[in-house]
Amino acid sequence: MVRGSLLPALLLLNVVTTRPPRELPVAVTFTVVLLLPLVWRHRAPRTVFGVLAGVAAVQWLLDVQLPADIALPVAFYAVAVHARLRDTLVAGAVLVAGGVLACLRWATDGAFLTPFVASPR
C-alpha cells in the first residue's frame, strides 16, 4: 500500500509546490483524476485506460500540462499485460495519437519536426 502511494504522493507534492496558487485547483483535480483510476488497472485495464484517455483529452483541450500524465503509459502497460492483443494495439494507437497531439500543442516553436526530419550532411 505504501509503495503504491509513493508516486501519487510525489506527483501531488510536485503540483502543489510548483504551480501558482491560481492554477492549483485545476492541477490538483486533474492529478487526482488521472491517478485514482490506476487503483483498478488490474481489474479493468481497458476501462481504466479509456477513462484516462478521456481525462487526458479534456486536459489537452484545457491546455493543462501535468507530470501525472505518466498515468497513461502505466494504464497502457496494464492493458498490454491483461487484455487481448487487439485491445493492446488500439490502446497503443490512442496513446501514440495523444502523444502526437501533445507534441503539436506543447512543443517549442519548430521543435516538433526536429526528430522526424533528417538533416542533409
Side-chain angles (χ1 to χ4, degrees):
M1 182 74 147
V2 172
R3 186 174 49 146
S5 305
L6 186 59
L7 180 62
L10 289 174
L11 291 171
L12 273 172
L13 180 64
N14 175 275
V15 166
V16 170
T17 58
T18 61
R19 296 286 174 159
R22 72 181 188 289
E23 293 179 10
L24 272 180
V26 172
V28 168
T29 300
F30 271 113
T31 298
V32 169
V33 171
L34 283 166
L35 296 174
L36 188 59
L38 290 179
V39 171
W40 297 281
R41 72 185 180 272
H42 298 295
R43 284 195 170 156
R46 292 176 301 170
T47 303
V48 168
F49 183 82
V51 166
L52 292 182
V55 171
V58 172
Q59 179 186 347
W60 182 84
L61 288 171
L62 295 177
D63 197 17
V64 178
Q65 288 179 283
L66 292 171
D69 291 332
I70 192 68
L72 285 154
V74 171
F76 172 72
Y77 178 77
V79 171
V81 169
H82 298 290
R84 298 180 311 230
L85 177 61
R86 184 176 62 102
D87 298 332
T88 302
L89 294 174
V90 169
V94 169
L95 190 64
V96 169
V100 169
L101 287 173
C103 287
L104 286 172
R105 169 157 281 181
W106 293 308
T108 56
D109 294 333
F112 176 74
L113 293 178
T114 304
F116 304 104
V117 178
S119 62
R121 290 191 186 211

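Throughout, residue positions are numbered sequentially from 1 according to the sequence presented. Computed from a prediction, not measured in an experiment: that's the story for all the values here.
- In the hydrophobic cluster analysis, where Ile, Leu, Val, Met, Phe, Trp and Tyr join through side-chain heavy atoms closer than 4.5 angstrom, Leu36 is grouped together with Leu24.
- Using a 4.5 Å heavy-atom threshold, the side chains of Leu95 and Phe49 count as touching.
- Here the CG atom belonging to Asp69 is positioned 13.5 Å from the CH2 atom belonging to Trp60, to the nearest 0.5 angstrom.
- When hydrophobic clusters are built by joining Ile, Leu, Val, Met, Phe, Trp and Tyr residues whose side-chain heavy atoms come closer than 4.5 Å, directly or via intermediates, Leu52 is grouped together with Leu62.
- Contact between Val48 and Ala75 at its shortest, heavy atoms only, is CG1-CB, 4.3 Å.
- Distance CZ/Arg105 to CG/Leu61: 7.0 Å, rounded to 0.5 Å.
- Taken to the nearest 0.5 Å, the CZ atom of Arg46 stands 9.5 Å off from the OG1 atom of Thr88.
- In terms of heavy-atom proximity, Pro67 sits nearest to Asn14 at CG-OD1, 3.3 Å.
- Counting only distance, with no hydrogens or angles, the side chain of Trp106 and the backbone of Gln65 share no donor-acceptor pair below 3.5 Å.
- Between atom CG of residue Leu34 and atom CD1 of residue Ile70 there is a gap of 11.0 Å, rounded to the nearest 0.5 Å.
- The shortest non-hydrogen separation linking Pro25 to Pro21 is CD-O, 3.7 Å.
- The side-chain hydrogen bond (donor to acceptor under 3.5 Å, both in side chains) search around Trp40 returns none, not counting sequence neighbours.
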**Request:** Please lay out, stage by stage, how Val15 and Phe30 fare under the test side chain to side chain contact (heavy atoms under 4.5 Å, CB included).
**Result:** CA-CA 10 Å; Val15 166; Phe30 271 113; over 6 Å; no

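- Neither Val94 nor Tyr77 shares a network with the other; the hydrophobic side chains, linked directly or stepwise wherever heavy atoms of I, L, V, M, F, W or Y lie under 4.5 Å apart, form separate groups for each.
- Nearest approach of Ala78 to Arg41, heavy atoms of both residues: CB-O, 3.7 Å.
- By the criterion of side-chain heavy atoms lying less than 4.5 angstrom apart, applied directly or through intervening Ile, Leu, Val, Met, Phe, Trp or Tyr residues, Val58 is grouped together with Leu38 in one hydrophobic cluster.
- Transitive grouping of hydrophobic side chains (ILVMFWY, heavy atoms separated by less than 4.5 Å) brings Val39 and Val32 into a common cluster.
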